[in-house]
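Below, read A as the first sequence line, B as the second, and so on, with proteins coming before strands; counting in each chain starts at 1.
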2 protein chains.
Amino acid sequence: MNAVTNMTPQYSISDLAKEFDLTTRAIRFYEDRALLDPERQGTKRLYSRKDRARVKLIVRGKKLGFSLAEIHDLIELYENAADEVPQLERYYDKLSEHRRKLESQRQEIEQTIIELRVAEHECLATLRSKGIDRERS
Amino acid sequence: MNAVTNMTPQYSISDLAKEFDLTTRAIRFYEDRALLDPERQGTKRLYSRKDRARVKLIVRGKKLGFSLAEIHDLIELYENAADEVPQLERYYDKLSEHRRKLESQRQEIEQTIIELRVAEHECLATLRSKGIDRERS
DNA sequence: CCTAAGGTTGACGTTAACGTAAAGGTATAA
DNA sequence: TTATACCTTTACGTTAACGTCAACCTTAGG
């Protein structure tokens, strides 16, 4: 596993599967959906450092509730080093849009965390009172 | 719409659908999955303030990438005012666990936001240089 | 009375994201 | 050389979360 050739690390499909807790099936599926495009050594897939970074992006995206289609767009966004001004501007807009979306999502998470903290405190208070009741009886 | 009776507001299914940008089908589906259980006026559903709060929870949960099954558990968590100590402790553990999960999720979001900001800046820099190039030529 | 706008319950269709075999190639260790 | 551990493609199965009819009430307005 993890054959190091030519100073650039390579990973097998199961290397990545283990590292990111995915099945090989899932990884091949991502390739099918054009999220990955690894080299081949004969028939076998060889993943580069860059591929690994993509997998990381995919996993993170999924954790945050994005669909593979959305993640696909984001990857294209990240990797298409546009050079023409109109495309650069469009790229910038998409970046900002996605950032704003994430910021709103963060807002909701923080709100939920606050509510959970409140509930935790109430719970602890009740537990304490029950504890006192017991000591008294 | 929004019939106010007995000082407690009631909503029709399409009231809620419009407010939360859902279809009535989706709302009925949530009921099917035991996330909602509205009163009936004859055959028609009447949603209370509490039901509306639940819908809000559902929508928020979905935005954060939770499945309806997970959301179901959370709702039960919130509404089952346990009174026995062992159950209260279990309740507390579940709350904490969920909070930790959300905090980790927030961590990932913040990381992503940072990366997006970097990309935005790079993009702006490139745009500026292109602008200067133009002015010079 | 009739129509239009909502509401209801089935029940089958659809999409995403894989799971799960089946059938076979390849390379290395005993 | 044979077994073991990986890898491959092809293809059908599955689950979640609804979409989309169909066929049917009912209630307020013209």
Side-chain angles (χ1 to χ4, degrees), chain A residues 1-5 9-48 51-52 54-76, chain B residues 1-5 9-48 51-52 54-76:
Chain A
M1 352 183 166
N2 198 329
V4 179
T5 321
Q10 306 285 147
Y11 311 88
S12 77
I13 192 169
S14 54
D15 286 344
L16 292 186
K18 280 171 196 165
E19 178 171 0
F20 293 103
D21 196 29
L22 298 169
T23 63
T24 59
R25 176 68 178 94
I27 296 181
R28 290 194 197 96
F29 183 72
Y30 299 151
E31 183 174 340
D32 200 64
R33 295 311 205 68
L35 300 181
L36 293 171
D37 186 20
E39 310 252 297
R40 296 288 181 134
Q41 163 182 295
T43 170
K44 303 188 173 175
R45 292 166 172 84
L46 271 190
Y47 297 86
S48 68
D51 292 322
R52 182 176 167 283
R54 279 200 189 189
V55 173
K56 207 168 187 173
L57 248 176
I58 296 171
V59 169
R60 189 160 70 182
K62 294 214 65 192
K63 268 196 191 176
L64 301 184
F66 292 102
S67 72
L68 293 186
E70 290 173 307
I71 296 172
H72 174 265
D73 291 353
L74 293 176
I75 287 180
E76 280 213 321
Chain B
M1 353 185 163
N2 198 330
V4 180
T5 321
Q10 307 284 149
Y11 311 89
S12 77
I13 191 167
S14 55
D15 287 344
L16 292 186
K18 280 171 195 162
E19 176 171 3
F20 293 102
D21 196 29
L22 298 169
T23 64
T24 59
R25 175 69 178 93
I27 296 181
R28 289 194 198 98
F29 183 72
Y30 300 152
E31 183 174 341
D32 200 63
R33 295 310 205 71
L35 300 181
L36 293 171
D37 186 21
E39 310 253 299
R40 297 287 181 134
Q41 162 182 297
T43 169
K44 303 190 174 175
R45 293 166 172 82
L46 271 190
Y47 296 86
S48 67
D51 292 322
R52 182 176 167 282
R54 279 199 189 188
V55 173
K56 207 168 189 174
L57 247 176
I58 295 171
V59 169
R60 188 160 71 183
K62 294 214 65 192
K63 268 196 189 174
L64 300 184
F66 293 100
S67 71
L68 293 186
E70 290 173 306
I71 296 172
H72 173 265
D73 291 353
L74 292 177
I75 287 181
E76 281 213 320

Test side-chain hydrogen bond (donor to acceptor under 3.5 Å, both in side chains) applied to A/T23 - qualifying residues, sequence neighbours left out: none
side-chain N/O A/Y30 vs C/dC18 OP1/OP2, d < 4.0 Å: yes
A/F66: ring pair (Phe, Tyr, Trp, His ring centres under 6.0 Å) partners, not counting sequence neighbours: A/H98
Any residue meeting ring pair (Phe, Tyr, Trp, His ring centres under 6.0 Å) with A/Y47, in chain and number order, not counting sequence neighbours: none
N/O donor-acceptor pair under 3.5 Å between A/S14 side chain and A/A17 backbone: no
Any donor-acceptor pair under 3.5 Å from B/D32 side chain to B/F29 backbone: no
Stretch residues 63-72 of chain B: residues that reach within less than 4.0 Å of DNA chain C through a heavy atom: none
Using whole Å, report how far [atom1] of [X] lies from [atom2] of [N].
X: B/I27; N: D/dG19; atom1: CD1; atom2: C1'; result: 15 Å
X: A/L35; N: C/dA16; atom1: CG; atom2: P; result: 13 Å
X: B/D32; N: C/dG10; atom1: CG; atom2: C1'; result: 11 Å
X: A/K62; N: D/dA16; atom1: NZ; atom2: P; result: 14 Å
X: A/Q10; N: D/dC7; atom1: CD; atom2: P; result: 14 Å
X: A/R33; N: C/dT15; atom1: CZ; atom2: P; result: 11 Å

More than 12 heavy atoms from other groups under 6.0 Å of CD on B/Q41: no
Residues, nucleotides or ligands: over 12 heavy atoms within 6.0 Å of A/E39 CD: no
A/R52 and A/V55: CA distance, side-chain angles, deciding distance, side-chain contact (heavy atoms from CB on, under 4.5 Å) verdict: CA-CA 5 Å; A/R52 182 176 167 283; A/V55 173; 5.6 Å; no
Please enumerate all protein N or O atoms sitting under 3.5 Å from an N or O of nucleotides 7-9 of chain C, with distances to 0.1 Å.
from: C/dG7; atom 1: OP1; to: B/S12; atom 2: OG; distance (Å): 3.2
from: C/dG7; atom 1: OP1; to: B/S14; atom 2: N; distance (Å): 3.3
from: C/dG7; atom 1: OP1; to: B/S14; atom 2: OG; distance (Å): 2.6
from: C/dG7; atom 1: OP2; to: B/S14; atom 2: OG; distance (Å): 3.3
from: C/dT8; atom 1: OP1; to: B/R45; atom 2: N; distance (Å): 3.0
from: C/dT8; atom 1: OP1; to: B/R45; atom 2: NH1; distance (Å): 2.9
from: C/dT8; atom 1: OP2; to: B/R28; atom 2: NE; distance (Å): 3.2
from: C/dT8; atom 1: OP2; to: B/R28; atom 2: NH2; distance (Å): 2.7
from: C/dT8; atom 1: O5'; to: B/R45; atom 2: NH1; distance (Å): 3.4
from: C/dT9; atom 1: OP1; to: B/R40; atom 2: NH1; distance (Å): 3.2
from: C/dT9; atom 1: OP1; to: B/R40; atom 2: NH2; distance (Å): 3.1
from: C/dT9; atom 1: OP1; to: B/R45; atom 2: NH2; distance (Å): 3.4
from: C/dT9; atom 1: OP2; to: B/R45; atom 2: NH1; distance (Å): 2.8
from: C/dT9; atom 1: OP2; to: B/R45; atom 2: NH2; distance (Å): 2.8

Check against side-chain contact (heavy atoms from CB on, under 4.5 Å), A/I27 and A/F20: CA-CA 10 Å; A/I27 296 181; A/F20 293 103; over 6 Å; no
Candidate pair A/I58 and A/I75, rule side-chain contact (heavy atoms from CB on, under 4.5 Å), full reasoning: CA-CA 9 Å; A/I58 296 171; A/I75 287 180; 4.2 Å; yes
Residue mapping more 5' on DNA chain C - nearest nucleotide basis, A/R25 or A/F29: A/F29
Criterion side-chain contact (heavy atoms from CB on, under 4.5 Å) on B/R45 and B/R40, from CA distance to verdict: CA-CA 5 Å; B/R45 293 166 172 82; B/R40 297 287 181 134; 3.2 Å; yes
Degree of bending, the helix from C/dC1-D/dG30 to C/dA30-D/dT1 (end axes from five pairs; round to 10°): 10°
